Amino acid sequence: MNKLARWAARAVLFLAFSGAAASALAADVIRIGVATAGGGDPITWGGSPGGVVRANQWLEDAFKADGVKVEWLFFKGAGPAVNEALSNRQIDFAYQGDLPAVVGRANGLKTKLLVISGARNNLYVVVPPDSRLSRIEDLKDQRVSIFRGTNGHLVAINVLADHGLAERDIKGVNLDSGSAQAALVSHGVDAAFGGYEWFKVRDQGLARVIYSTQGQDPAYTRQAALLVREDFAKDNPAQVQKVVDVFVRASRWASDEKNRNALFKIWEKSGVPYASWAAEFDKQDLSARNSPLVDDFIVARYKAVVADALKLKLIRREVSVDDWFDTRYLDQALKNQGLEHYWTRFDAKGKPAS
């Protein structure tokens, strides 16, 4: 074999190896961790366009032609459990709230925040129906359930502070959603912070809502987003784009007021009644709650979470936010679907941007 022939043979082998290596990088299974126990069969969740993606199996359909399997993993331990799964590389994408995502980043998790999927989530305080408690100030020295480490934890602390109380002024009990409901009904706690899951208990006559963030300062709301492991995104950019494409499609559908009834029926499959979703979204625009945009309001809220978490020593070091958001995939999805101007962008205070 002459020199030129040997060079050609080596080139063929190199190209063959490079092609095999590149194809090996494409994941044959995509794993998405969701920071809730969920409900229904198959398990799903509500309150987010991501729940529409899951219930309609839009991701499964999108990857079917590629022979890629989509796995959804639901975590009763919520955001902290999702962070552990990310750390152990058991999931590729994570759907979780703002505080646990910040805690994960502060602890060294290498993630990128891709798209918002559930903004301005409300927080409530509930008590037993026969309780004498009627306002936040009454929680002093009471046994109060707070699911620590979740995105509701920090908002609860800020709500307490706004009413002259610190977390140390209550007898905090760390309980997940299901355990908190059982404890309140059995009078194991005097009150509980939580979300839309409490409307079902209220409608059963087993709880009374004494406080709601609805219609108040949007700084007292919670944000949720879809994140991806940095190394997965680096190896599989086309697959990340396809996932974001589907989430944006779901956001568009879930933002259309004509779909309000159908949306709540989809979310009802999670085991949370239709009436609970109607109460959670009462007098609120679907487009504001289901927008995927990473606008000034979202960036400001994540920066505020970092600042508050530092102040309260929930994290030990400052973490950057600006380089955390990777909106390339979102921008491409908006362009491809003709949605660049569909949603209103909000300023840092949550008002429509001029």
Side-chain angles (χ1 to χ4, degrees), residues 35 78-80 96-107 118-128 131-177 180 183-184 189-198 207-225 280 284 289 296-319 321 346-351:
Q96 62 182 168
D98 44 30
L99 176 60
V102 165
V103 171
R105 186 166 174 80
N107 288 334
R120 303 187 182 218
N121 295 288
N122 296 303
L123 190 74
Y124 309 94
V125 176
V126 297
V127 299
S131 173
R132 61 177 178 77
L133 308 179
S134 61
R135 55 181 189 155
I136 296 295
E137 289 82 356
D138 295 336
L139 299 182
K140 184 177 175 61
D141 297 326
Q142 302 298 308
R143 297 166 299 172
V144 183
S145 169
I146 297 181
F147 197 173
R148 292 197 173 97
T150 65
N151 65 348
H153 182 194
L154 202 55
V155 177
I157 291 173
N158 287 332
V159 167
L160 288 169
D162 192 49
H163 291 80
L165 298 177
E167 189 174 9
R168 64 177 178 272
D169 292 323
I170 65 172
K171 298 175 182 177
V173 183
N174 184 24
L175 298 173
D176 62 44
S177 297
L184 189 87
V189 295
D190 303 304
F193 281 93
Y196 54 75
E197 69 274 4
W198 284 105
R208 177 165 53 88
V209 178
I210 65 168
Y211 175 84
S212 168
T213 60
Q214 276 194 25
Q216 300 196 47
D217 187 339
Y220 289 150
T221 61
R222 304 170 288 159
Q223 325 308 319
E280 165 69 11
Q284 297 167 81
R289 294 289 304 272
D296 289 345
F297 172 71
I298 293 298
V299 174
R301 290 316 311 144
Y302 274 83
K303 287 183 176 180
V305 168
V306 170
D308 287 344
L310 268 174
K311 181 175 63 177
L312 296 167
K313 299 182 179 179
L314 299 176
I315 58 176
R316 296 180 180 178
R317 64 182 181 89
E318 178 78 54
V319 294
V321 166
F346 293 93
D347 63 21
K349 294 184 178 180
K351 303 295 184 182

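FYI, the numbering just counts along the sequence from 1. Any value given below was found using the heavy atoms of this structure, including those in side chains, with hydrogens, waters and symmetry copies removed. In this text the structure is predicted, and so the values were computed from the model without any measurement.
Without hydrogens or angle criteria, N121 side chain to R222 main chain gives a donor-acceptor distance under 3.5 Å. At distances below 3.5 Å, at least one donor-acceptor pair connects side-chain atoms of R301 with backbone N or O atoms of A219. Under the 3.5 Å distance criterion, the side-chain polar atoms of T213 are left unmatched by any main-chain donor or acceptor of T221. A donor-acceptor pair is defined here as one N or O able to donate and one able to accept, closer than 3.5 Å; such a pair exists between the side chain of R208 and the backbone of S131. The closest donor-acceptor contact from the side chain of D308 to the backbone of V305 lies at 3.5 Å or more, if one exists at all. A distance-only check finds no donor-acceptor pair linking the side chain of D190 to the backbone of V144 [under 3.5 Å].
Here the closest heavy-atom approach between residue A78 and residue T150 is recorded as CB-CG2, 4.0 Å. Nearest approach of K349 to F297, heavy atoms of both residues: C-CD1, 4.2 Å. Counting all heavy atoms, side chain and backbone alike, A35 lies closest to G79 at CB-N, 3.6 Å. Across L99 and A309, no two heavy atoms sit closer than the pair CD1-CB, 4.1 Å. Taking both residues in full, the closest heavy atoms of V103 and L314 are given as CG2-O, 4.3 Å, listed atom of the first, atom of the second, then distance.
Remark: R120 qualifies as a cation-pi partner of F346 under the 6.0 Å distance and 45° angle criteria applied to the six-membered ring.
Under a cut-off of 6.0 angstrom, the local environment of CZ in R317 is crowded, with over 12 non-hydrogen atoms contributed by other residues, nucleotides or ligands.
Counted by atom type alone, Y124 and E280 present one or more donor-acceptor pairs between their side chains at under 3.5 Å.
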